[in-house]
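Quick notes on the structure that follows.
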Amino acid sequence: MRTQIAIIGAGPSGLLLGQLLHNAGIDNVIIERRSAAYVLGRIRAGVLEEGTVRLLREAGAGARMDAEGIVHAGVQLAFGGISRRVDLGAHANGRTVLVYGQTEMTRDLMEAREAAGALTLYEVDDTQIHGADSAHPALTFTLNGQRERLECDYIAGCDGFRGISRSTIPDSIRREYEKVYPFGWLGLLSDTAPVSHEIVYGAHDRGFSLCSMRSMTRSRYYIEVPLDEKVDDWSDDRFWDELRRRLPEPYASELVTGPSLEKSIAGLRSFVVEPMQYGRLFLVGDAAHIVPPTGAKGLNLAASDVNYLYRILLKVYREKREDLLLKYSSLCLDRIWKAERFSWWMTSMLHRLSDNPFDHRIQLAELDYFTGSTEGLQTIARNYVGLPYAAVD
Ligand code: APR
Ligand code: PHB
């Protein structure tokens, strides 16, 4: 088999890149370790920056998002018994975010790809990368018990944090930066009306909480828990009681509870690999970086990597601008490190960092300062809606 771009991974990164390239007439094949149903079963975040929204439209997969996504012009930061609104529009030049589940975005991209007749090979095993630093890279993998070879011009490693692409970059060149946080998020999904029409990030001396949503009838809530906590120890009632204790009024008394559709614990991590390119291999999305979910940057960073790689490849094929390939890593990393900083800062400001009450009072002062001053609100709002993309040239 031969294609122009071989894409490893059918998560949001691989699917979005594949669809943009396909529409531009650049042939690509996606190989994915799991089944389509498995990929769609993963519940992830759901806040899209305008740049992500534009890319999905450009990929021709934005119709349902435009019909069903909910524009949010503000977010709430709750602390010390009150909740303060960050007016995104007012403090970030009229920009807003769109609440639309990553699972839905993935489904739309899968459907668009199928309608376009582009090839995705699901349930492949033992993916291997060959000749990444040569002029003739290739992938080999097992499909239906048979070993296959896919030759290509370039490889996009969109295979997530636990994929194989990253380790193809030799140790002598690869640098990894990591911070693992000593707490996790216990998440619950329920068919109940959200407690607020805006997302609420809460700091409390019992720990962080987050009230989010997928629609006006489906809510997504999280509470910070110790890393060794077991999800089986958390009945729905225990979850709702703990969440309620961490919320200020009127949210605490207005919280609508109901049976959980899903409940799980996820650890929090910050991670970046440099560089994101090795020869003809390009790392995209979670394969190259992880952020803690506080700030909703994970999916949006994946989209900004896709944006850069797509625009570079367009110029490579249309204008023979091979020189741009060497710019991919630094274009991405410039934006990634700023989003890493924002996610780390939001995490540090909102979670229970220690048993020392001093730390908690410092957090309250920081929250009061940032939500109580124009410059503070601008800092939060401009980072939350997403920093601008750099031009590719
Ligand atoms: N061969 C083929 N596919 C693989 C391999 C492999 N060796 N290893 C992993 N994959 C697949 C995974 O099964 C998964 O479907 O790659 C895909 C990677 O998808 P994601 O983990 O969703 O990563 P990405 O597409 O970069 O999505 C961006 O940002 O913060 C997050 O929640 C956000 O998941 C979202 C991510
Ligand atoms: C979510 O809706 O799942 C969500 C929202 C905002 C975040 C993280 C997760 O920062």
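Within a 6.0 Å sphere centred on CG of N144, other residues, nucleotides and ligands contribute 12 heavy atoms or fewer. Heavy-atom contacts from other residues, nucleotides or ligands closer than 6.0 Å to NZ of K315 number more than 12. Counting heavy-atom neighbours within 6.0 Å of R174 CZ, excluding the residue itself, gives a total above 12. Heavy atoms of other residues, nucleotides or ligands lying less than 6.0 angstrom from CZ of R162 number 12 at most. Residue D355 places its CG atom among 12 or fewer non-hydrogen atoms of other residues, nucleotides or ligands, all under 6.0 Å distant. Residue E114 places its CD atom among 12 or fewer non-hydrogen atoms of other residues, nucleotides or ligands, all under 6.0 Å distant.
When atom types are taken as modelled, the side chain of D236 and the backbone of S260 share a donor-acceptor pair closer than 3.5 angstrom. No side-chain donor-acceptor contact under 3.5 Å links R269 to the backbone of V291. Looking at R280, its side chain never comes within 3.5 Å of a backbone N or O of A138 through a donor-acceptor pair. Distance alone, capped at 3.5 Å, is enough to place a donor-acceptor pair between the Y308 side chain and the A390 backbone. For the pair N93 (side chain) and H91 (backbone), a donor-acceptor distance under 3.5 Å is absent. In this structure, the side chain of N300 engages the main chain of E49 through a donor-acceptor pair within 3.5 Å. Looking at Q102, its side chain never comes within 3.5 Å of a backbone N or O of T106 through a donor-acceptor pair. The closest donor-acceptor contact from the side chain of E224 to the backbone of F208 lies under 3.5 Å. A donor-acceptor pair is defined here as one N or O able to donate and one able to accept, closer than 3.5 Å; such a pair exists between the side chain of H351 and the backbone of T347. Here the side chain of D159 pairs a donor or acceptor atom with the backbone of S165 at under 3.5 angstrom.
Counting only N and O atoms by type, the side chains of E123 and S35 include no donor and acceptor under 3.5 Å apart. Judged by distance alone, the side chains of S212 and R220 never bring a donor and an acceptor atom under 3.5 Å apart. Side chain to side chain, S253 and E249 meet the donor-acceptor criterion of an N or O pair below 3.5 Å. There is a side-chain donor-acceptor pair under 3.5 Å between S264 and E262. Side-chain N/O atoms of T120 and R113 include a donor and acceptor closer than 3.5 Å. No donor-acceptor contact under 3.5 angstrom links the side chains of R149 and T140, judged on distance only. Side chains of Y222 and Y201: a donor-acceptor N/O pair is absent below 3.5 angstrom, by distance only. With hydrogens and angles left out, the side-chain atoms of H289 and D305 include a donor and acceptor closer than 3.5 Å. No side-chain donor-acceptor contact under 3.5 Å links N28 and T3. No side-chain donor-acceptor contact under 3.5 Å links Q277 and Y154.
Within the 4.5 Å cutoff, the side chain of T257 has no heavy atoms near those of the T192 side chain. By the 4.5 Å heavy-atom criterion applied to side chains, Y100 and R64 are counted as neighbours. Between M110 and L40 there is a side-chain heavy-atom pair separated by less than 4.5 Å. In this structure, L119 and I30 have side chains that are not in contact, with every pair of non-hydrogen atoms separated by 4.5 Å or more. With contacts defined as side-chain heavy-atom distances shorter than 4.5 Å, the pair R34/Y122 does not qualify. Taking the side chain as every heavy atom from C-beta outward, R2 and D27 never approach each other to under 4.5 Å. The closest side-chain heavy-atom distance from Y384 to V86 is not below 4.5 Å. When side chains are defined from C-beta on, L109 counts as touching L56, because their heavy atoms get closer than 4.5 Å.
The side-chain contact (heavy atoms from CB on, under 4.5 Å) test with V306 is passed by exactly one of L301, T52, L20: L20.
The side chain to side chain donor-acceptor pair (under 3.5 Å) search around R244 returns D241, not counting sequence neighbours.
L353 and V180 are members of different hydrophobic clusters when ILVMFWY side chains are connected at heavy-atom separations under 4.5 Å. A continuous path of Ile, Leu, Val, Met, Phe, Trp and Tyr side chains, each step under 4.5 Å between heavy atoms, connects W344 with L210, placing both in one hydrophobic cluster.
Aromatic ring centroids of W345 and F370 lie under 6.0 Å apart.
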| request: Determine, step by step, whether R246 and S209 satisfy the side-chain hydrogen bond (donor to acceptor under 3.5 Å, both in side chains) criterion, reporting the C-alpha distance in whole Å, the side-chain angles of both residues, the deciding distance to 0.1 Å, and the verdict. | output: CA-CA 7 Å; R246 297 184 189 186; S209 65; over 6 Å; no
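Grouping Ile, Leu, Val, Met, Phe, Trp and Tyr residues whose side-chain heavy atoms lie under 4.5 Å apart, directly or via other members, places V231 in a hydrophobic cluster with L186, L188, V195, V200, Y221, I223, V225, W234, F239, W240, L243, L247, Y251, L255, I265.
Between W337 and Y177, the ring planes lie perpendicular to each other; the angle is over 60°, past the 30° to 60° tilted range.
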